[in-house]
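Everything numeric in this text was worked out from a predicted model, so none of it was measured.
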Amino acid sequence: MQDLTGLTAVELVEGYRKGEFSPVEATRATLERAERIQPEVTAFVRLTGEEALAQARVSADRWRRGEPCGAVDGVPVTVKDILLTRGAPTLKGSKTISESGTWDEDAPSVARLREQGAVFLGKTTTPEFGWKGVTDSPLSGVTRNPYDPTRTAGGSSGGAAAAVALGAGPLALGTDGGGSVRIPAAFCGIFALKPTYGRVPLYPASAFGTLAHVGPMTRDAADAALLLDVIGVPDSRDWSALGPASGPYTATLSGGVRGLRVAYSPSLGGQVAVQPGVAAAVRRAVERLAGLGAYVTEADPDFTDPVDAFHTLWFSGAARVTQHLGPHQREVLDPGLREICGRGARMSALDYLAAVDVRMDLGRRMGRFHDSYDLLVTPALPITAFEAGTEVPKGSGHHRWTGWTPFTYPFNMTQQPAASVPVGTDGDGLPVGLQIVAARHRDDLVLRAAHALYEAEAAGIRPPVAHAG
């Protein structure tokens, strides 16, 4: 029988429609894969197998009647353990949160998936409160890379990325406050989109404020567009959510890149040292965009690294999320998180507002940049996956994860849509990601460009099977 774990969500829905296989068969195969990979990569905090199979059986009945309840009816989905999920604890990678409680509410994105018949496989791993760009936590340990388990999957949505890469569900919900869907996507060879801020509602509100986005993590851009159509609708619990999109993103995927003005910035004007293998893979993908008809110009956005301002916003957010903890609870926090919380607690309102000023100027500069260019293309990361269990590569000289993620966090500050697209591997066989950025509200252009690369088979990294059991 066909390996259902290798199919995209689009392919699964088409198979259900044709009666080639059922949601129960797909869910059972996906759960078996998830259970097999878990000991090696630690992608999940918990699997909800019995509940998932029950949901799949109900979905199969709907499909037999020819009455699917939505665009993802019967499709296996995973949810990062930052987002509320009815019936399952949301522990956020922390020993300071108790499993006891009613857990009777869904986050907006989870609620929309439930309404459209998705099958929930389980909760995926995160560093504590999603604070860093790798995924290890006091609660669940280290999440490892599907291509090489000695290396990190990235973070903070590392469990989601590893699960998608290894066939444990084609759709995953992640969150991104400084690169947290794009970083693990690049390291694990999958697609991820950080939508325009507010396109996907978030509740409860993040302590990291308007840096925090919810985004799709998938095998390709077509699945991401499908997922964004489902979750990218207003929810009254999020006062900052955008209104309805102008139309379905799935309908605009085939527009291609011909005539689009693309700025290619290989190093943000020399500010970033990029590994040669990464630079070469990204350049080849950029050349493919040009071959598809885009007008590509090597050009850099007009900004210097805003890391100090980002740290002010990020560290103060971390201090806020842990403010209620007592001394004993603080002792069980991730030591790195405890350190940045201490720094954040010493920041003043004036420090915060000065960082907001930097952010507003950055947004202005990028707004002007997109008057001239439809898309900005950069490496998603300057490096490939490094040793698991460390926040920064050994010997790098970096102290915090932001030292090796200079391409990602600026676009949380500007709230722009940005995606990581797999574009090949380096000399060690590790995935490389290309970042595509557009002006605010032009998520359609990001998805179109990514889909064009997939259609051209320029980003044909498939889930690795060597470590799937």
- Query: Is any NZ, NE, NH1 or NH2 atom of the basic residue among Arg33 and Asp3 found under 4.0 Å from an Asp or Glu carboxylate oxygen of the other?
  - Reply: yes

- Task: Considering non-hydrogen atoms only, spot the tightest contact between Pro417 and Arg440 and give its length.
- Result: CD-CA, 3.8 Å

- Item | Arg343 side-chain N/O to Glu339 backbone N/O, donor-acceptor pair under 3.5 Å | no

- Message: Between Arg182 and Asp176, does any NZ, NE, NH1 or NH2 come within less than 4.0 Å of an OD or OE carboxylate oxygen?
- Response: yes

- Could you walk me through whether His399 and Glu391 pass the side-chain hydrogen bond (donor to acceptor under 3.5 Å, both in side chains) test, one step at a time? CA-CA 8 Å; His399 182 56; Glu391 184 184 344; over 6 Å; no

- Message: When you measure from the side chain of Glu11 to the backbone of Thr8, do you find a donor-acceptor pair of N or O atoms at a distance under 3.5 Å?
- Response: yes

- Message: Any donor-acceptor pair under 3.5 Å linking the side-chain atoms of Thr152 with those of Asn145?
- Response: no

- Hey, does the side chain of Thr135 reach the backbone of Thr126 with a donor-acceptor pair shorter than 3.5 angstrom? no

- Leu83 CG to Lys123 NZ distance, which is reported to the nearest 0.5 Å: 7.0 Å

- Message: Assess whether a salt bridge exists between Asp334 and Lys132, defined as any Lys/Arg side-chain N lying under 4.0 Å from an Asp/Glu carboxylate O.
- Response: yes

- Can you check whether Leu228 reaches Pro195 side chain to side chain, under 4.5 Å on heavy atoms? yes

- Query: Is a side-chain N or O of Thr143 found less than 3.5 angstrom from the main chain of Thr42, in a donor-acceptor match?
  - Reply: yes

- Between Ala452 and Val257, what is the shortest heavy-atom contact and its length? CB-CG1, 4.0 Å

- Tyr454 side chain near Pro422 side chain, heavy-atom distance below 4.5 Å: yes

- Task: Report yes or no: does Ser316 contribute a side-chain atom to a donor-acceptor pair with the main-chain N or O of Gly344 at less than 3.5 Å?
- Result: no

- Can you find a pair of side-chain heavy atoms, one from Ile183 and one from Leu381, that are under 4.5 Å apart? yes

- Please check if any side-chain donor atom of Thr252 sits under 3.5 Å from a side-chain acceptor atom of Asp444, or the reverse. no

- Looking at side-chain heavy atoms only, is the closest gap between Phe191 and Leu447 below 4.5 Å? yes

- Message: Could you measure the distance from the CG atom of Leu121 to the OG1 atom of Thr27? Nearest 0.5 Å is fine.
- Response: 6.5 Å

- Message: I want to check something: taking the side chain as every heavy atom from C-beta on, are Val437 and Thr378 in contact at a cut-off of under 4.5 Å?
- Response: no

- Evaluation steps, salt bridge (charged side-chain N to carboxylate O under 4.0 Å, His left out), between Arg151 and Glu387: CA-CA 4 Å; Arg151 299 175 187 255; Glu387 314 88 78; 5.7 Å; no

- Judged by modelled atom types alone, do Arg359 and Thr210 share a side-chain donor-acceptor pair under 3.5 Å? yes

- Message: Would you call the rings of Trp314 and Phe208 parallel, tilted or perpendicular, taking 30° and 60° as the class edges?
- Response: parallel

- Query: Is a side-chain donor-acceptor pair under 3.5 Å present for Gln415 with His213?
  - Reply: no

- Query: Just checking, any donor-acceptor pair under 3.5 angstrom between side chains of Ser94 and Glu128?
  - Reply: yes

- Would you give the length of the straight line joining atom NE2 of His451 to atom CG of Leu253, rounded to the nearest 0.5 angstrom? 5.0 Å

- Would you check, one step at a time, whether the test salt bridge (charged side-chain N to carboxylate O under 4.0 Å, His left out) holds for Glu331 with Lys95? CA-CA 10 Å; Glu331 283 301 311; Lys95 291 183 176 180; over 6 Å; no

- Task: Assess the side chains of Lys80 and Thr124: does a donor N or O sit below 3.5 Å from an acceptor N or O?
- Result: no

- Message: Under a 3.5 Å distance rule, please check whether Arg261 uses its side chain to pair with a backbone N or O of Ser372 as donor and acceptor.
- Response: yes

- Backbone N/O of Leu7 and side chain of Arg219: donor-acceptor pair under 3.5 Å: yes

- Message: I need the Trp401 CH2 to Thr408 OG1 distance, nearest 0.5 Å.
- Response: 6.0 Å

- Message: Whether Asp361 and Arg365 form a salt bridge (side-chain N of Lys/Arg under 4.0 Å from carboxylate O of Asp/Glu) is what I want to check.
- Response: yes

- Item | Where Val200 and Ser109 come nearest, the two heavy atoms and their spacing | CG1-CB, 4.1 Å

- Quick one: closest heavy-atom pair of Pro146 and Ala165, and the distance? CG-CB, 3.8 Å

- Message: I need the Thr218 OG1 to Asp223 CG distance, nearest 0.5 Å.
- Response: 5.5 Å

- Message: Would the distance check show the side chain of Gln435 and the main-chain N or O of Phe407 forming a donor-acceptor pair, the cut-off being under 3.5 Å?
- Response: yes

- Item | Separation between CG of Asp357 and CG of Leu350, rounded to the nearest 0.5 Å | 10.5 Å

- Task: State, without any angle test, whether Thr312 and Asp351 hold a side-chain donor-acceptor pair at a distance under 3.5 Å.
- Result: no

- Item | Near-ring test Phe386/Trp404, centroid separation under 6.0 angstrom | yes

- Item | Presence of salt bridge, Arg144 and Asp148, under 4.0 angstrom | no

- Query: Is a side-chain donor-acceptor pair under 3.5 Å present for Tyr197 with Ser240?
  - Reply: yes

- Query: Between the main-chain N or O of Asp300 and the side-chain N or O of Ser265, is there a donor-acceptor pair closer than 3.5 Å?
  - Reply: no

- Item | Pair Leu333-Thr322, side chain to side chain contact (heavy atoms under 4.5 Å, CB included): steps then yes or no | CA-CA 9 Å; Leu333 289 176; Thr322 59; 4.3 Å; yes

- Message: If we ignore hydrogens and angles and just use 3.5 Å, is the side chain of Ser137 paired with the main-chain N or O of Ser140 as donor and acceptor?
- Response: yes

- Task: Evaluate side chain to side chain contact (heavy atoms under 4.5 Å, CB included) for Leu376 paired with Tyr264, printing each intermediate quantity in order.
- Result: CA-CA 6 Å; Leu376 168 66; Tyr264 167 44; over 6 Å; no

